[in-house]
Asks: 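This is the structure I want to talk about, given as structure tokens.
Just so we're clear, the structure is a prediction, and the values are computed from it rather than from any experiment.
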Amino acid sequence: MVNCGLLTGLNEPVPLKSISVEVRVQDHVASVSSTLQYVNEEQRPLEALFVFPLPADAAVCHFSAKIGEQEIVAELQDKETAKDQYDDAVSSGQQAFLLEESAKSPDVFKLSVGCLLPGQNAAVTIIYVTELAVQADQSLRFCLPAVLNPRYTPEGSDAGIVSEISSVCGAAPYSLTLSVHVSSPKPISKLESNCTLDPLVFLRSDHTQATVNLSPGHMFDRDVELFLYYQDTHQPSAVVEAGVATAPSDSLMRNPVVMISLYPEFPEEGMSSMANQGEFVFVMDRSGSMDWTMHRGKEAQHRIESAKDTLLLLLKSLPMGCYFNIYGFGSRFESFFPKSVEYNQDKMDQALKKVKEMRADMGGTEILQPLAHIYSQPCIPEHPRQLFIFTDGEVGNTKEVLDLVKSHARSHRCFSFGIGEGASTALITGLAREGSGHAQFITGSERMQPKVMESLRFALQPIVSNISVDWTLPERVTAETISPPIDVLFQGQRTLIYAQLKGKNLGGSEGSVTVKYNLNSQPVTNQLHFCIKPTEETGLVVHRLAARTMIRSLEQKERSPDFTRKKIKRTLAKLRKTIVKLSVQAGVSSVHTAFIGINKDTKQTVKGPLQRRRVPTYAGRMRELSGYSIPRAPLRMSGPLRAPRMRGSLPSPGKFTLV
């Protein structure tokens with residue numbers, strides 16, 4: 001039988017029809033509201049599953065569903081409790097909605113829409129807030145990810161939600177509408193995109209507010225990138241946000257929170273470049289997925305070719321007298337030289353020839369082994385080690401990789417390049433964050449050179465040490481820094497600091513924050529003065545971003561080797577409880593919590609089987625995935641409906657998973 005209408009690659013009807021997104025940008029923070037419209041056009045009840053990407057640093061803070069005129073606002077609960085409630089609700093004929101974060105990678109979420117009756121519509125809304133990254137050309141980048149590539153899971157690893165990614169070749173079978181509203185104290189110069197936009201409309205004569213829409217007819221088959229340009233972007237700033245008076249007295253949400261944006265300015269006498277110093281280790285992803293195209297455009301370059309162009313540009317720009325080596329990895333890894341060699345004309349010519357011969361022919365994406373090998377090599381005295389990693393980010397063990405990088409952060413810096421649309425933001429930004437480096441995303445050739453040269457410029461800057469943050473505040477006002485300790489500073493690159501303000505004298509008083517550090521053994525001080533009077537109408541964006549920062553730090557602490565080795569169950573249980581409590585109080589998702597919503601007015605017995613439909617995301621070219629699929633047992637049931645909790649079939653060892 002041939003199905004008609006919107007279909008997956010397995011010839012199954014798709015219940016997701018459209019996605020509508022509203023983005024509100026306030027200076028360099030964005031609040032994003034996505035509404036997904038589901039319609040069950042089949043003759044039996046459905047459970048719709050949608051595994052989709054979000055920015056790795058996003059704080060998901062709202063989840064609701066509207067069926068007809070009734071709106072169900074989801075609650076954030078302990079994840080296992082939420083899953084049990086979802087299963088129980090669906091089994092008793094109630095409509096239920098579950099939103100959960102992947103335990104393996106924080107940029108992957110799964111939405112379950114349970115018991116959607118024949119002919120029924122459901123509009124599901126997800127809201128998240130995120131910071132906008134500063135680019136090499138001074139723009140702020142917002143990315144609405146559409147592409148979720150299948151993640152390679154090494155043998156012996158549990159893929160979790162990642163194993164449930166369902167993908168299509170060609171355009172995604174649902175449409176996208178997007179509207180953007182921008183507000184800033186600084187005038188807006190322009191807004192650019194990789195997609196076609198309607199003209200930018202300024203709402204005020206001073207150009208501090210503007211709106212723009214995605215042109216009609218866009219199919220959600222590529223990441224939507226927006227590049228926002230302000231006048232005088234690199235200006236330090238502070239936002240003090242009022243708390244919630246009804247929140248528990250010991251919670252983060254009760255007191256005001258300040259978000260500090262600093263752009264460190266290094267003195268010229270301390271900025272002498274490392275000249276010919278440094279060991280530069282380039283790590284190139286040569287897995288099969290690197291043979292896919294960068295995006296869906298007609299002239300799209302293959303990822304491996306873009307990565308090679310990026311590497312060639314870096315190689316030609318290295319200072320003479322430094323040391324370098326190049327690794328290629330997939331299911332195995334190899335290096336150009338047994339150990340790093342001195343950079344001279346002869347070695348550079350050898351390397352350039354070998355780079356041009358590189359192919360995406362080394363199997364799956366197993367990055368742990370080459371990194372562990374590199375870290376095992378002795379460092380070269382007086383030549384600080386700098387890693388440059390090029391990958392499309394398709395791994396299923398992101399947190400293991402990041403934990404390894406963090407454990408060696410004192411001996412190197414890590415600069416990462418996400419190649420092509422769909423590169424995992426959790427992996428790419430995480431590598432740079434844990435390795436005290438900088439992340440770049442290469443999605444086309446037009447912006448590649450400035451991004452590459454910015455990363456190299458950062459790598460050639462001297463390492464900043466002994467970084468400290470001090471607060472000067474009015475009497476009886478204190479600041480408790482929420483952000484993790486600052487491990488890295490780069491000239492002119494934004495650094496964010498979150499802190500909770502406590503006290504009763506928070507009127508129009510002024511405070512200051514001072515960042516002190518050593519640069520080439522010389523003490524340097526950068527200071528910002530700010531008004532500590534809280535702003536009321538900010539939608540708790542700053543609080544939620546601060547909560548997200550705290551949650552990520554606690555989650556990493558939970559995975560630390562100290563806890564693993566000592567096996568302190570009581571301490572781990574206490575830490576997990578702390579994460580859940582903070583997540584629920586702040587209304588921000590975590591690896592241990594999930595949003596659950598139940599329509600208790602729809603309780604009825606549903607006869608016959610519940611059909612499961614996995615809504616596909618666009619995943620570019622699928623050449624190497626053809627032939628791989630996951631067998632699924634049919635759901636056979638009668639009487640009251642019981643939806644078993646599906647953990648996802650385990651993939652074959654070392655294979656991509658395409659469901």
Side-chain angles (χ1 to χ4, degrees), residues 152 276-294 301-380 383-395 412-420 423 428 431 437 440 442 445 448-449 451-453 455-456 459-460 623-624:
Y152 182 87
N276 59 351
Q277 293 183 334
E279 178 195 11
F280 298 86
V281 181
F282 303 99
V283 185
M284 172 72 77
D285 186 346
R286 291 178 54 187
S287 62
S289 60
M290 289 289 287
D291 197 35
W292 299 356
T293 53
M294 296 282 286
Q301 193 178 27
H302 288 259
R303 297 178 188 177
I304 187 67
E305 297 302 322
S306 176
K308 285 160 58 176
D309 288 346
T310 306
L311 176 53
L312 289 170
L313 182 57
L314 282 167
L315 273 177
K316 294 176 182 178
S317 305
L318 291 180
M320 289 291 178
C322 71
Y323 286 77
F324 80 106
N325 202 352
I326 300 173
Y327 285 78
F329 73 92
S331 300
R332 55 186 177 85
F333 67 90
E334 60 187 29
S335 61
F336 282 15
F337 309 104
K339 62 180 182 179
S340 294
V341 297
E342 186 174 352
Y343 180 81
N344 54 41
Q345 189 66 47
D346 178 57
K347 294 298 183 184
M348 182 186 72
D349 291 341
Q350 291 181 41
L352 293 177
K353 181 179 179 181
K354 289 184 178 182
V355 169
K356 293 175 182 178
E357 296 171 352
M358 279 184 163
R359 299 290 180 266
D361 56 3
M362 294 183 71
T365 315
E366 297 192 25
I367 193 173
L368 269 176
Q369 288 83 357
L371 288 179
H373 172 78
I374 292 168
Y375 293 142
S376 70
Q377 304 302 301
C379 294
I380 301 172
H383 288 272
R385 179 171 288 166
Q386 320 268 8
L387 263 64
F388 285 74
I389 299 177
F390 309 84
T391 178
D392 56 10
E394 296 179 9
V395 301
H412 82 297
R413 287 193 292 194
C414 183
F415 297 84
S416 54
F417 295 84
I419 307 296
I428 304 305
L431 286 169
Q440 302 279 15
I442 309 294
S445 59
M448 181 185 73
Q449 184 165 347
K451 292 181 178 181
V452 170
M453 298 315 295
S455 289
L456 181 59
L460 291 173
R623 175 189 300 175
E624 69 178 300

Asks: Please name the pair of heavy atoms, one in Y343 and one in M348, separated by the smallest distance, quoted to 0.1 Å.
Replies: OH-SD, 2.9 Å
Asks: Let me see the working for F390 and L314 under side chain to side chain contact (heavy atoms under 4.5 Å, CB included), right down to the final yes or no.
Replies: CA-CA 12 Å; F390 309 84; L314 282 167; 3.5 Å; yes
Asks: Decide side chain to side chain contact (heavy atoms under 4.5 Å, CB included) for F282 and T310; before the verdict, give the C-alpha distance in whole Å, the side-chain angles of both, and the deciding distance to 0.1 Å.
Replies: CA-CA 11 Å; F282 303 99; T310 306; over 6 Å; no
Asks: Between K347 and E342, which heavy-atom pair has the shortest distance, and what is it?
Replies: CG-O, 3.5 Å
Asks: About how many Å separate NE2 of H373 and OH of Y327, when rounded to the nearest 0.5 Å?
Replies: 3.5 Å
Asks: Might you point out which heavy atoms bring F329 and E366 nearest each other, and give the distance in Å?
Replies: CD1-O, 3.6 Å
Asks: Can you find a pair of side-chain heavy atoms, one from L460 and one from Q386, that are under 4.5 Å apart?
Replies: no
Asks: Just verifying a value: how many Å separate F417 CZ and L431 CG, rounded to the nearest 0.5 Å?
Replies: 12.0 Å
Asks: Does a side-chain heavy-atom distance below 4.5 Å link V341 with F336?
Replies: no
Asks: Do K354 and E357 sit within salt-bridge range, that is, some charged N less than 4.0 Å from a carboxylate O?
Replies: no
Asks: How long is the span from the CZ atom in F388 to the CG atom in L311, to the nearest 0.5 Å?
Replies: 10.0 Å
Asks: Which heavy atom of M290 sits nearest a heavy atom of T391, and at what distance?
Replies: SD-C, 4.4 Å
Asks: Tell me whether the rings of H383 and Y323 are parallel (<30°), tilted (30 to 60°) or perpendicular (>60°).
Replies: perpendicular
Asks: Distance from I374 atom CD1 to C379 atom SG, nearest 0.5 Å?
Replies: 11.5 Å
Asks: Run through H412, R385, Q377, K339 and flag the one making a side chain to side chain donor-acceptor pair (under 3.5 Å) with E279.
Replies: R385
Asks: Assess whether side chain to side chain contact (heavy atoms under 4.5 Å, CB included) is satisfied between V355 and M284, documenting all intermediate values.
Replies: CA-CA 10 Å; V355 169; M284 172 72 77; 5.5 Å; no
Asks: Roughly how far, to the nearest 0.5 Å, is the CD1 atom of I419 from the NZ atom of K308?
Replies: 13.0 Å
Asks: Looking at G330, is its backbone amide N or carbonyl O close enough to the side chain of S287 to form a donor-acceptor pair, meaning the two atoms are under 3.5 Å apart?
Replies: no
Asks: Check whether any side-chain heavy atom of L456 sits under 4.5 Å from a side-chain heavy atom of L318, and report yes or no.
Replies: yes
Asks: When rounded to the nearest 0.5 angstrom, what is the spacing between CG in N344 and CE in M320?
Replies: 7.0 Å
Asks: If every non-hydrogen atom of S317 is compared with every non-hydrogen atom of M453, which pair is closest and at what distance?
Replies: OG-CE, 3.7 Å
Asks: Can you see which heavy atom on M362 is nearest to which on F333, and at what distance?
Replies: CE-CA, 3.9 Å
Asks: Dump the intermediate steps for side chain to side chain contact (heavy atoms under 4.5 Å, CB included) on L315 and I326, then the final yes or no.
Replies: CA-CA 10 Å; L315 273 177; I326 300 173; 3.8 Å; yes
Asks: If we check side chain to side chain donor-acceptor pair (under 3.5 Å) with R303, which of these qualifies: T293, D392, D291, D285?
Replies: D392
